[in-house]
Novice: 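Have a look at this one.
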Amino acid sequence: SKEKGPSTYHVYIEEMHCHYTKQLTLEKRLNKAIEEKSFQLHYQPQYDFYSQQVVGFEALIRWFDEDLGYVPPDQFITVAEETGLIIPIGRQVLDQACQKGKDWYDNGLNIRVGVNVSPVQFQHPDFIQSVKWTLVKTGLPAERLDIEITENVLLYNKEACMNTLEQLKAIGVHISIDDFGTGFSSLSYLRTFPVDMLKIDQSFVRELKRNHNDQAIVTSIIQLAHNMGMKVIAEGVETSDSLNFLMDQHCDQMQGYLYSRPIPPEQLPLFLTENRVM
Ligand code: C2E
Ligand code: CA
Ligand code: CA
Ligand code: CA
């Protein structure tokens with residue numbers, strides 16, 4: 001450690017500096033993307049196990065920047081949350097997704113569009129207003145919109161959160177808890193919050209065939225949800241082994257690479273016809 005001392009310090013400063021510059025660059029480029037509305041959404045199908053039909057698509061943000069290239073959401077959503085830029089980004093995502101949902105509705109497709117909502121966005125005082133306004137503007141029926149929130153959002157301010165959820169329910173929006181099982185909140189919230197669906201986190205789904213702990217967790221989540229009158233969807237379904245386990249446990253819906261990767265909008269029409277989505 002003697003010879004490591006000063007250089008470690010040096011590297012630390014450089015890393016910090018580098019991290020800071022990277023953050024600033026990201027922030028600048030994000031601002032540009034917001035201004036130019038250049039975010040794209042890709043859509044990953046969600047399948048009903050009983051009917052084997054597509055029942056919805058989750059909208060996933062895609063950002064290609066001229067300078068930075070493709071930046072995955074995991075790499076910029078946090079920065080967007082820290083800088084507050086997630087608010088305008090989230091509005092654009094909601095708008096784009098609801099427009100797409102309205103297209104499907106107009107074409108007679110009986111499917112939902114799922115939108116990821118960041119905790120920062122969910123807690124923003126204008127959130128409910130912007131959901132209402134977007135539904136009015138696009139003409140999408142509320143029950144066609146599925147809002148995905150993570151359970152950690154329920155930790156911060158229970159009352160405010162309950163209030164927002166109840167307003168969403170009153171509007172008629174579908175509510176899913178994303179990444180279920182990975183959060184820090186206690187299960188008791190499920191008793192009081194009006195939630196429609198639990199989304200089993202992909203970390204429990206990946207090695208379902210071999211990992212007995214994952215099997216126990218997944219089985220319990222499905223039973224819990226059903227006992228409480230909720231549906232369950234498994235995400236990250238990559239193998240038929242995982243699928244078989246989930247089917248045996250009567251998981252309601254599936255989503256994952258085994259079925260399809262997220263689909264860019266220009267490829268959706270072909271996908272919809274080929275898969276006879278009605
Ligand atoms: P998430 O909401 O849990 O989304 C699931 C992620 O897993 C997506 O990654 C999806 O492409 C990927 N995935 C789907 N099926 C499989 C599979 O079978 N195997 C594996 N290994 N991965 C699969 P993506 O699109 O990179 O998004 C990452 C995260 O970024 C999302 O996790 C979500 O938390 C966030 N995110 C994405 N789009 C948005 C958005 O529009 N708004 C907000 N606030 N967050 C978003
Ligand atoms: Ca999600
Ligand atoms: Ca998830
Ligand atoms: Ca996630």
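Start at 1 and go down the list; that is how both ligands and their atoms are numbered. Just so we're clear, the structure is a prediction, and the values are computed from it rather than from any experiment. The first residue in the sequence is number 1, and the count goes up from there.
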Novice: Closer than 4.0 angstrom, basic N to acidic O: yes or no for Arg206 and Asp214?
Specialist: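 Not counted as a salt bridge, because no side-chain N and carboxylate O are separated by less than 4.0 Å.
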Novice: Under the side chain to side chain contact (heavy atoms under 4.5 Å, CB included) test against Val117, which residue among Val153, Thr150, Ile147, Leu94 passes?
Specialist: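 So the option named by the test is Ile147.
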Novice: Do the side chains of Glu238 and Val205 get nearer than 4.5 Å, heavy atoms only?
Specialist: no
Novice: Under 4.5 Å between side-chain heavy atoms, counting indirect links through other Ile/Leu/Val/Met/Phe/Trp/Tyr residues: same cluster for Leu165 and Leu187 or not?
Specialist: yes
Novice: Indicate, as side chain, backbone, both or neither, the part of Leu60 found under 4.0 angstrom from ligand 1 when only non-hydrogen atoms are considered.
Specialist: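 Answer for Leu60: both.
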Novice: Which of the atoms of ligand 1 are close to Glu235, meaning less than 4.0 Å from one of its heavy atoms?
Specialist: 3 (O), 5 (C)
Novice: In ligand 1, which numbered atoms sit nearer than 4.0 Å to a non-hydrogen atom of Gln44?
Specialist: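 Near Gln44, meaning under 4.0 Å from one of its heavy atoms, ligand 1 has 14 (C), 15 (N).
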Novice: Among Gln92, Glu238, Gln202, Arg206, which one has a heavy atom closest to atom 6 (C) of ligand 1?
Specialist: Gln202
Novice: Could you see which bit of Gln255 sits under 4.0 Å from ligand 1, with heavy atoms only: side chain, backbone, both or neither?
Specialist: neither
Novice: What about Ile61: any of its N or O atoms under 3.5 Å from an N or O on ligand 1?
Specialist: yes
Novice: Given that the side chain starts at C-beta and the backbone is N, CA, C, O, which of these parts of His42 lies under 4.0 Å from ligand 1, counting heavy atoms, or is it both or neither?
Specialist: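 No part of His42 comes within reach of ligand 1.
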Novice: Is there a heavy atom of Gly236 sitting under 4.0 angstrom from any atom of ligand 1?
Specialist: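 Under 4.0 Å: yes for Gly236.
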Novice: Going by an N to O cut-off under 4.0 Å, is there a salt bridge joining Asp95 and Arg91?
Specialist: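 A salt bridge is absent here (no side-chain N lies under 4.0 Å from a carboxylate O).
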Novice: Heavy-atom distance under 4.5 Å between the side chains of Phe204 and Asn213, does that happen here?
Specialist: no
Novice: Are any of the side-chain heavy atoms of Arg62 and Pro262 separated by less than 4.5 Å?
Specialist: yes
Novice: Considering distance alone, does some N or O of Tyr257 sit under 3.5 Å from an N or O of ligand 1?
Specialist: yes
Novice: Is it true that a side-chain atom of Gln44 and a backbone atom of Gln255 form a donor plus acceptor pair closer than 3.5 Å?
Specialist: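 Here the side-chain-to-backbone pair does not exist.
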Novice: Does Pro262 approach ligand 1 within less than 4.0 angstrom via side chain, backbone, both or neither, non-hydrogen atoms only?
Specialist: side chain
Novice: Output, by chain and residue number, all protein N/O/S atoms separated from the Ca ion (ligand 2) by less than 3.0 Å.
Specialist: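 Protein N, O or S atoms closer than 3.0 Å to the Ca ion (ligand 2): Glu58 OE2, Asn116 OD1, Glu148 OE1, Asp178 OD2.
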Novice: Against heavy atoms of Ile77, which atoms of ligand 1 measure under 4.0 Å?
Specialist: 43 (C), 45 (N)
Novice: Ligand 1 versus Asp179, non-hydrogen atoms closer than 4.0 Å: side chain, backbone, both, neither?
Specialist: side chain
Novice: Are the side chains of Leu85 and Phe76 in touch, meaning some heavy atoms are under 4.5 Å apart?
Specialist: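 Of all side-chain heavy-atom pairs linking Phe76 with Leu85, none is under 4.5 Å.
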Novice: Which of the numbered atoms in ligand 1 are below 4.0 angstrom from a heavy atom of Glu58?
Specialist: 2 (O), 4 (O)
Novice: Looking at non-hydrogen atoms alone, which of Asn116, Val115, Ile86, Thr182 comes nearest to atom 42 (N) of ligand 1?
Specialist: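 That would be Asn116.
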Novice: Measure Val237 to ligand 1 on non-hydrogen atoms and call it side chain, backbone, both or neither using the 4.0 Å cut-off.
Specialist: backbone
Novice: Can you tell me if Arg261 contacts ligand 1 (heavy atom of the residue under 4.0 Å from the ligand)?
Specialist: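 No, that is not the case, since the closest heavy atom of the residue is not under 4.0 Å from the ligand.
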Novice: Decide whether an N or O pair under 3.5 Å exists between Glu148 and ligand 1.
Specialist: no
Novice: Could you establish whether Arg62 and ligand 1 come within less than 4.0 Å of each other, counting only heavy atoms on the residue side?
Specialist: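 It does, in that a heavy atom of Arg62 comes within the 4.0 Å cut-off of ligand 1.
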Novice: Let me know which of Met197, Lys169, Lys231 forms a side chain to side chain contact (heavy atoms under 4.5 Å, CB included) with His174.
Specialist: Met197
Novice: For Trp104 and Phe57, take the angle between the two ring planes, folded into 0 to 90°, and tell me which bin it lands in: parallel under 30, tilted 30 to 60, perpendicular over 60.
Specialist: tilted
Novice: Are Glu27 and Glu82 close enough that some pair of their side-chain heavy atoms sits under 4.5 Å apart?
Specialist: no
Novice: Using a strict cut-off of less than 4.0 Å between a Lys/Arg side-chain nitrogen and an Asp/Glu carboxylate oxygen, indicate whether Asp65 and Arg29 qualify as a salt bridge.
Specialist: yes
Novice: Kindly work out whether a path of hydrophobic side-chain contacts (I/L/V/M/F/W/Y, heavy atoms less than 4.5 Å apart) joins Ile34 to Phe64.
Specialist: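 No; tracing contacts between hydrophobic side chains, which count when under 4.5 Å, never links both residues.
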Novice: Considering all heavy atoms of both residues, which atom of Tyr47 and which atom of Val55 are nearest to each other, and what is their separation?
Specialist: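 Shortest heavy-atom contact: C-CG2, 4.2 Å.
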